[in-house]
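What follows is a set of notes on a single structure, which appears directly below.
Each chain gets a letter, A, B and so on, in the order its sequence line appears, and its residues count up from 1. The analysis underlying the following values was restricted to heavy atoms, covering all of them including side chains, and did not include hydrogens, waters or symmetry mates.
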Protein chains: 2
Amino acid sequence: MIFSKSCEYAIRAVIYIAHQSRNGKKVSIREVAQGIDSPLHFIAKILQYLSKRNIIQSTKGPNGGFYLDKRAMKQTLEDVVIAMDGDQVFEGCALGLRYCSESRPCPLHEEFKQIREQIRYSLQSTTIAQFAEEDAHKPILKR
Amino acid sequence: MIFSKSCEYAIRAVIYIAHQSRNGKKVSIREVAQGIDSPLHFIAKILQYLSKRNIIQSTKGPNGGFYLDKRAMKQTLEDVVIAMDGDQVFEGCALGLRYCSESRPCPLHEEFKQIREQIRYSLQSTTIAQFAEEDAHKPILKR
DNA sequence: TAAATAAAGGAGTTTTTTATCTTTTTTATG
DNA sequence: CATAAAAAAGATAAAAAACTCCTTTATTTA
């Protein structure tokens, strides 16, 4: 698995919220959980964390919920991934070797450097805003 | 992390054993653990498992240890990874969605299909035998 | 054949990740 | 201001992954 479960849920949630908030609509924890088919209480924690990290926004009380402001819409999936899993996805050695680096590469270094770069590139070039567009995700996330 | 810790150790161990067994030398658990800087008892379990799965060979008793026969040398790193982590590394959806497939792709499907293919290709094109060669891994695994 | 060596096997423990439940705080509105 | 709606916070719990220890079995060799 490239991303942790938390990170997978986070990405799915951000995509869902982006899509739902295209008309300024806010969504509750319950809606997110149903919309992306994730455990209610677990996604609650994740949303709370993403909110604290300013990846998403939230307001309490009636008509409150989670949404994305303009600034947040400009972020990329890379930001979400880094918030959740840090940058070992892009930086870490495939063999888990601490010493591994450009100057002292492990046997798989060159191969995986490319792979990591491609992962980073893919995530960098996908902005959250793209998911807000009308049928940006015809294949809906749920089920 | 692309691979599990067990898988990382497994790859490192196989590379190490391949290199050591280039003159028919067998290596003990202790040697492997030191050689690749891994927990002794943990790598013992992994080697045991790899041996049962016929990824590596072993003999008991004095002068025994782990080694690789001709057939094993012809395997690729893909075989090692599949033995340890199964094929979700190559097959699974980046967002952990069960429904995700060619006919019903998730929003990141196409991007990650390429990434997974590249991972598979890299591992397929790296045979164990390559690591047996004299300075196939100048940057030694240890430390 | 006894002793030593080395892996195999079985049975834990610890740590991390994933998941749940309950209480508190904030906010809107009748 | 009372009530309800919603997220924030805190405290556990369950499951999985990582890691350890002890006993058994197989093999060599003196």
Side-chain angles (χ1 to χ4, degrees), chain A residues 1-13 17 20-21 25-69 83-86 88-89 92 95-96, chain B residues 1-13 17 20-21 25-69 83-86 88-89 92 95-96:
Chain A
M1 301 229 180
I2 293 174
F3 308 124
S4 70
K5 212 99 232 307
S6 301
C7 188
E8 286 178 4
Y9 288 142
I11 297 172
R12 283 154 65 178
I17 296 169
Q20 295 299 310
S21 73
K25 193 194 165 199
K26 287 168 193 157
V27 286
S28 70
I29 292 170
R30 195 157 286 101
E31 284 177 282
V32 174
Q34 283 173 3
I36 69 170
D37 192 30
S38 72
L40 180 71
H41 297 290
F42 193 36
I43 199 66
K45 280 295 168 204
I46 292 167
L47 293 175
Q48 187 184 320
Y49 177 76
L50 288 174
S51 171
K52 209 182 314 185
R53 294 290 305 260
N54 244 283
I55 301 290
I56 62 178
Q57 282 66 52
S58 70
T59 54
K60 287 180 173 182
N63 312 320
F66 296 92
Y67 64 99
L68 292 158
D69 63 21
M84 297 303 300
D85 285 352
Q88 0 100 290
V89 191
L95 300 183
Chain B
M1 301 227 180
I2 292 174
F3 307 125
S4 69
K5 213 98 231 310
S6 300
C7 188
E8 286 177 4
Y9 288 140
I11 298 172
R12 284 154 64 179
I17 296 169
Q20 295 300 310
S21 73
K25 193 194 167 200
K26 287 168 193 160
V27 286
S28 70
I29 292 171
R30 195 157 284 103
E31 282 178 283
V32 174
Q34 284 172 4
I36 69 171
D37 193 28
S38 71
L40 180 72
H41 297 291
F42 194 35
I43 198 66
K45 280 295 168 201
I46 292 168
L47 293 175
Q48 188 183 320
Y49 177 76
L50 288 173
S51 171
K52 209 185 312 188
R53 294 289 306 261
N54 244 284
I55 302 290
I56 63 179
Q57 282 65 53
S58 71
T59 53
K60 287 181 172 180
N63 313 320
F66 297 93
Y67 63 99
L68 292 158
D69 63 21
M84 297 304 299
D85 285 354
Q88 359 100 291
V89 192
L95 300 182

Could you tell me the separation between the [atom1] atom of [X] and the [atom2] atom of [N], rounded to a whole number of Å?
{"X": "Lys60(A)", "N": "dT24(C)", "atom1": "NZ", "atom2": "P", "answer": "13 Å"}
{"X": "Ile43(B)", "N": "dA17(D)", "atom1": "CD1", "atom2": "P", "answer": "17 Å"}
{"X": "Ile55(A)", "N": "dA7(D)", "atom1": "CD1", "atom2": "P", "answer": "18 Å"}
{"X": "Lys52(B)", "N": "dG10(C)", "atom1": "NZ", "atom2": "P", "answer": "8 Å"}
{"X": "Phe42(A)", "N": "dA7(D)", "atom1": "CZ", "atom2": "P", "answer": "18 Å"}
{"X": "Met1(A)", "N": "dT17(C)", "atom1": "CE", "atom2": "P", "answer": "14 Å"}
{"X": "Lys26(B)", "N": "dT28(D)", "atom1": "NZ", "atom2": "P", "answer": "8 Å"}
{"X": "Gln48(B)", "N": "dT25(D)", "atom1": "CD", "atom2": "P", "answer": "14 Å"}

[X] side-chain proximity, nearest of [options]:
{"X": "Ile29(A)", "options": "dA7(D), dA26(D), dA19(C)", "result": "dA7(D)"}
{"X": "Pro39(A)", "options": "dT20(C), dA6(D), dA7(C)", "result": "dT20(C)"}
{"X": "Asn63(B)", "options": "dT29(D), dT20(D), dT18(C)", "result": "dT29(D)"}
{"X": "Lys5(B)", "options": "dA9(D), dC19(D), dT25(D)", "result": "dC19(D)"}
{"X": "Phe66(B)", "options": "dT20(D), dA8(C), dA6(D)", "result": "dA8(C)"}
{"X": "Pro62(A)", "options": "dA4(D), dT20(C), dA6(C)", "result": "dA4(D)"}

Problem set entry | Considering all heavy atoms, the nearest Gly64(B)-Lys26(B) contact |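 Minimum heavy-atom separation between Gly64(B) and Lys26(B): O-CB, 4.0 Å.
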For this session: Sequence neighbours left out, what passes salt bridge (Lys or Arg N to Asp or Glu O under 4.0 Å) with Lys25(A)? Give chain and number order.
Result: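 Counting only residues at least two positions away or on another chain, Lys25(A) forms a salt bridge (Lys or Arg N to Asp or Glu O under 4.0 Å) with Glu31(A).
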Problem set entry | Comparing Leu40(A) and Thr59(A) on DNA chain C - which has the more 5′ nearest nucleotide |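 Upstream on the strand: Leu40(A).
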Measure from the side-chain N and O atoms of [X] to the backbone N and O of [Y], and report whether any donor-acceptor pair falls under 3.5 Å.
{"X": "Gln20(B)", "Y": "Val27(B)", "result": "no"}
{"X": "Asp85(B)", "Y": "Ser4(B)", "result": "yes"}
{"X": "Ser21(B)", "Y": "Ile17(B)", "result": "yes"}

Can you tell me if [X] touches the phosphate of [N], counting only side-chain N or O atoms and a distance under 4.0 Å to OP1 or OP2?
{"X": "Ser51(A)", "N": "dA7(D)", "result": "no"}
{"X": "His41(A)", "N": "dC21(C)", "result": "yes"}
{"X": "Ser58(A)", "N": "dA8(D)", "result": "yes"}

Exercise. Would you say the base of dA9(D) and the side-chain of Lys45(A) have a donor-acceptor pair closer than 3.5 Å?
Worked result: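 Yes.
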Base, sugar-phosphate or nothing for [X]? Non-hydrogen atoms, less than 4.0 Å.
{"X": "Val27(B)", "answer": "sugar-phosphate"}
{"X": "Tyr9(B)", "answer": "sugar-phosphate"}
{"X": "Leu47(A)", "answer": "nothing"}

For this session: Give, for atom CD1 of Ile11(A) and atom CD1 of Ile36(A), the distance between the pair rounded to the nearest 0.5 Å.
Result: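 Taking CD1 in Ile11(A) and CD1 in Ile36(A), the distance rounds to 10.5 Å.
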Exercise. Considering heavy-atom distances to DNA chain D, does Gly61(B) or Ser4(B) have its closest nucleotide positioned more toward the 5' end?
Worked result: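 Looking at the nearest nucleotide for each, Ser4(B) comes out on the 5' side.
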